[in-house]
Participant: 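One structure, pasted below without further comment.
To find a chain, count down the sequence lines: A is the first, B the second, and so on, and within it residues start at 1.
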Protein chains: 2
Amino acid sequence: MNINADFVEKLRNSGLRPTKQRLKICEVLFNTEKTFHFTINDLSKIIKEKVNEKISLATVYNTVHAFKKKGYLKEISINSDKSYFDTNTSVHHHFYDEDTNQLIDCHQNDIGNISIKKNVTGKKVNSIEVLIKVKNNNQN
Amino acid sequence: MNINADFVEKLRNSGLRPTKQRLKICEVLFNTEKTFHFTINDLSKIIKEKVNEKISLATVYNTVHAFKKKGYLKEISINSDKSYFDTNTSVHHHFYDEDTNQLIDCHQNDIGNISIKKNVTGKKVNSIEVLIKVKNNNQN
DNA sequence: ATGTTACTTTATAATGATTCTAATGTATAT
DNA sequence: ATATACATTAGAATCATTATAAAGTAACAT
Ligand SMILES: [Mn+2]
Ligand SMILES: [Mn+2]
Ligand SMILES: [Zn+2]
Ligand SMILES: [Zn+2]
């Protein structure tokens, strides 16, 4: 278990105890080639189906929020019904496919630089996020 | 009732019957100098306090969604807890004050032009929205 | 005006995502 | 091995939103 040792270290370094539940969730979230977007529901479905481990829904919530707080996950709000999480924690923008409800990363180089000419007085800019909603060409 | 007649016409033209509930809500939302952002909770509080009319919460939801569908309101998702609505239906961006949880309009001229260099294949860009999160300068 | 119909409002229940609780289990340090 | 703080868990609670279905009202034809 080479990869597992990495996650143990990662968790320990964050002050999180490496429990088997957290390690399983790490595997699902971070042991992939590409980053991805998911809802809590997606995640618990993946755990149920692909992993031989029953993790309480409360633990999934706890863990996702713990990972978000440690900066290993990002939360993305597209509509108020569901909350999306992102394993890509870098500053980046998103396409949102309104037909399929899918989030797609939009890399910095796919979009012109964004300059804020006038800011709110007495405040510092914390993040700039662009959301591009796309739809099918054919009218429905 | 000059203004009221306008709202009656507006509703009729949209295929919505001008009920007294809808007219009251029109007054609250559209009989103002400036556009503003609100949650359903905000709106029903305003109706309770400033207007001598008791409107069922279900009707507030129904009306807001009807107005959104007709293009008189815009829905804005900042975080998954609350849904914000906007009486400014033009294409525009937002500052979100993370200290006060307030939405502030960001006009087109306060921000550089945004060019999408690479789009999702087979899709047309429907909207481009920028969200700028701001915070106090002093660390807390 | 009256009646008919479709639309609207309303109170209340249902839903569903998220959070809370408090009991049980476990990792870590001594 | 023991103590202790941290973590997991099932189930309950919360809260925003949506559904239901009964009663009310606007629009329209007679
Ligand atoms: Mn909605
Ligand atoms: Mn959250
Ligand atoms: Zn992303
Ligand atoms: Zn706005």
Side-chain angles (χ1 to χ4, degrees), chain A residues 1 4-5 7-28 37-48 51-70 72-73 75-85 101, chain B residues 1 4-5 7-26 28 37-45 47-48 51-70 72-73 75-85 101:
Chain A
M1 280 296 139
N4 215 280
F7 291 140
V8 170
E9 201 188 339
K10 177 175 185 164
L11 289 170
R12 281 229 182 82
N13 290 340
S14 320
L16 297 171
R17 289 181 182 173
T19 65
K20 64 179 179 182
Q21 292 87 345
R22 283 176 177 161
L23 288 169
K24 272 296 171 198
I25 292 174
C26 276
E27 269 185 52
V28 172
H37 308 99
F38 65 95
T39 64
I40 296 279
N41 197 48
D42 294 338
L43 179 55
S44 53
K45 202 173 289 175
I46 293 169
I47 292 166
K48 271 180 213 127
V51 181
N52 54 338
E53 193 90 35
K54 24 183 148 30
I55 301 179
S56 158
L57 183 59
T59 299
V60 178
Y61 271 97
N62 288 343
T63 303
V64 165
H65 282 127
F67 286 3
K68 181 191 169 189
K69 185 179 270 181
K70 295 299 179 185
Y72 302 143
L73 290 174
E75 193 169 4
I76 298 179
S77 291
I78 272 62
N79 59 46
S80 43
D81 327 325
K82 340 176 184 182
S83 201
Y84 289 83
F85 290 89
N101 280 20
Chain B
M1 282 297 140
N4 214 282
F7 291 138
V8 170
E9 201 187 337
K10 177 175 186 164
L11 290 170
R12 281 229 180 81
N13 289 340
S14 321
L16 296 172
R17 289 181 183 174
T19 64
K20 64 180 179 180
Q21 291 87 346
R22 283 175 177 161
L23 288 170
K24 272 295 170 197
I25 292 174
C26 275
V28 171
H37 307 99
F38 65 95
T39 64
I40 296 280
N41 197 47
D42 294 338
L43 179 54
S44 52
K45 202 172 290 177
I47 292 166
K48 270 180 212 124
V51 181
N52 53 338
E53 193 91 36
K54 23 183 146 37
I55 301 179
S56 158
L57 183 59
T59 300
V60 177
Y61 272 97
N62 287 343
T63 303
V64 165
H65 282 127
F67 286 3
K68 182 192 168 188
K69 184 180 272 180
K70 295 299 178 184
Y72 302 144
L73 290 174
E75 193 169 3
I76 298 178
S77 291
I78 273 61
N79 58 47
S80 44
D81 327 325
K82 338 176 184 182
S83 201
Y84 289 83
F85 291 88
N101 280 19

Participant: Whole angstrom is fine here: how far is it from CG in B:Leu43 over to C1' in D:dT17?
Facilitator: 15 Å
Participant: Tell me: CZ of A:Phe85 to C1' of C:dA17, nearest whole Å?
Facilitator: 11 Å
Participant: Which part of the nucleic acid, if any, lies within reach of B:Asn41 when heavy atoms closer than 4.0 Å are counted: base, sugar-phosphate only, or nothing?
Facilitator: nothing
Participant: From CG of A:Leu57 over to C1' of C:dT21, roughly how many Å is that when rounded to an integer?
Facilitator: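 The distance from CG of A:Leu57 to C1' of C:dT21 comes to 15 Å, rounded to the nearest Å.
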Participant: Enumerate donor-acceptor pairs with a distance under 3.5 Å from any side-chain N or O in residues 17-24 of chain B to protein atoms, sequence neighbours excluded.
Facilitator:
{"residue": "B:Thr19", "atom": "OG1", "partner": "B:Arg22", "partner atom": "N", "Å": "3.2"}
{"residue": "B:Arg22", "atom": "NH1", "partner": "B:Arg17", "partner atom": "O", "Å": "3.0"}

Participant: Taking OH from A:Tyr61 and P from D:dC15, how many angstroms apart are they, rounded to a whole number?
Facilitator: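 Spelled out: OH on A:Tyr61 to P on D:dC15 is 16 Å.
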Participant: If you compare every side-chain N and O of A:Thr59 against the phosphate oxygens of D:dT9 (OP1, OP2), does one of them come in below 4.0 Å?
Facilitator: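 Checking D:dT9 against A:Thr59, a side-chain N or O does come within under 4.0 Å of OP1 or OP2.
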Participant: Heavy atoms from C-beta onward define the side chain here; which of C:dT10, C:dT19, D:dT17 lies closest to that of B:Ile40?
Facilitator: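 Among the listed nucleotides, the one closest to the side chain of B:Ile40 is D:dT17.
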Participant: Taking ring-ring contact (aromatic ring centres under 6.0 Å, His included) as the definition, give me every residue that meets it alongside A:Phe38, ordered by chain and number, with sequence neighbours left out.
Facilitator: A:Phe36, A:Phe85
Participant: Taking only heavy atoms on the protein side, list every residue of residues 9-22 of chain A lying under 4.0 Å from any atom of DNA chain D, sorted numerically.
Facilitator: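 Going residue by residue through residues 9-22 of chain A, the ones with a heavy atom under 4.0 Å of DNA chain D turn out to be A:Leu16, A:Arg17, A:Thr19, A:Gln21, A:Arg22.
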Participant: Whole Å only: how far is the CG atom of A:Leu23 from the P atom of C:dA27?
Facilitator: 10 Å
Participant: Taking only residues two or more places apart in sequence, or in another chain, which ones meet B:Lys70 in a side chain to side chain contact (heavy atoms under 4.5 Å, CB included)?
Facilitator: B:Ser14, B:Leu16, B:Tyr72
Participant: Residues in side-chain hydrogen bond (donor to acceptor under 3.5 Å, both in side chains) with B:Asn62, at least two apart?
Facilitator: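 Expected list: none.
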Participant: If you take all heavy atoms of B:Asn101 and B:Tyr84, which pair is closest and at what distance?
Facilitator: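 Of all heavy-atom pairs spanning B:Asn101 and B:Tyr84, the closest is O-OH, 3.3 Å.
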Participant: Show the atom names and distances, to 0.1 Å, of all donor-acceptor pairs under 3.5 Å that link a side chain in residues 41-48 of chain A to residues at least two apart or in another chain.
Facilitator:
{"residue": "A:Asp42", "atom": "OD1", "partner": "A:Thr39", "partner atom": "OG1", "Å": "3.2"}
{"residue": "A:Asp42", "atom": "OD2", "partner": "A:Thr39", "partner atom": "N", "Å": "2.9"}
{"residue": "A:Asp42", "atom": "OD2", "partner": "A:Thr39", "partner atom": "OG1", "Å": "3.1"}
{"residue": "A:Ser44", "atom": "OG", "partner": "A:Ile40", "partner atom": "O", "Å": "3.1"}
{"residue": "A:Ser44", "atom": "OG", "partner": "A:Asn41", "partner atom": "O", "Å": "3.2"}

Participant: When the distance from CG of A:Asn62 to C1' of C:dT18 is rounded to whole Å, what number comes out?
Facilitator: 11 Å
Participant: Nearest whole angstrom, please: distance from the C1' of D:dT8 to the CD1 of A:Ile25.
Facilitator: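 Result: 11 Å.
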Participant: Take the protein atom NZ of A:Lys54 and the nucleotide atom C1' of D:dT8, then report the distance between them rounded to whole Å.
Facilitator: 13 Å
Participant: Please check the phosphate of C:dT19 (OP1 and OP2 only) for any side-chain N or O of A:His65 closer than 4.0 Å.
Facilitator: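 Yes, such a contact exists.
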